[in-house]
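All remarks here apply to the structure that follows.
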Amino acid sequence: MPSIVGPIKIVSVGGGVVNFGDSFYIAPKESTKTNAGSGSLNTGDFICTNNGVSSTNPFDPDINDQNLTANA
């Protein structure tokens, strides 16, 4: 089914997948995990972020979160 994509603005893409329209198969080849405080990863032209107290706990007891082995 054809799709209609409206106006978009891509500021940056760092190793990710950007897809427009139909796609049969999408498989990411890289995964990352980022720990950041509230409002620190906002993107846009006019950002107004008001945070009281922000705390980030980067402790992760899992060894593997997103396995990419055997991902075609």
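Asn57 places a side-chain N or O within 3.5 Å of a backbone atom of Phe59 that can act as its donor or acceptor partner.
Applying the side-chain contact (heavy atoms from CB on, under 4.5 Å) rule to Ser40 yields the partners Ala36; only residues at least two apart in sequence or on another chain are considered. Looking at residues two or more places apart in sequence or on another chain, you find a side-chain contact (heavy atoms from CB on, under 4.5 Å) between Asn35 and Lys33, Thr56, Pro58. Not counting sequence neighbours, the partners of Asp45 by the side-chain contact (heavy atoms from CB on, under 4.5 Å) test are Lys9.
Separation of atoms CD1 (Ile47) and CG (Asn42) is listed at 5.5 Å; rounding is to 0.5 Å.
Contact record, Ser38 with Ser54: N-OG, 3.0 Å, taken as the closest heavy-atom pair.
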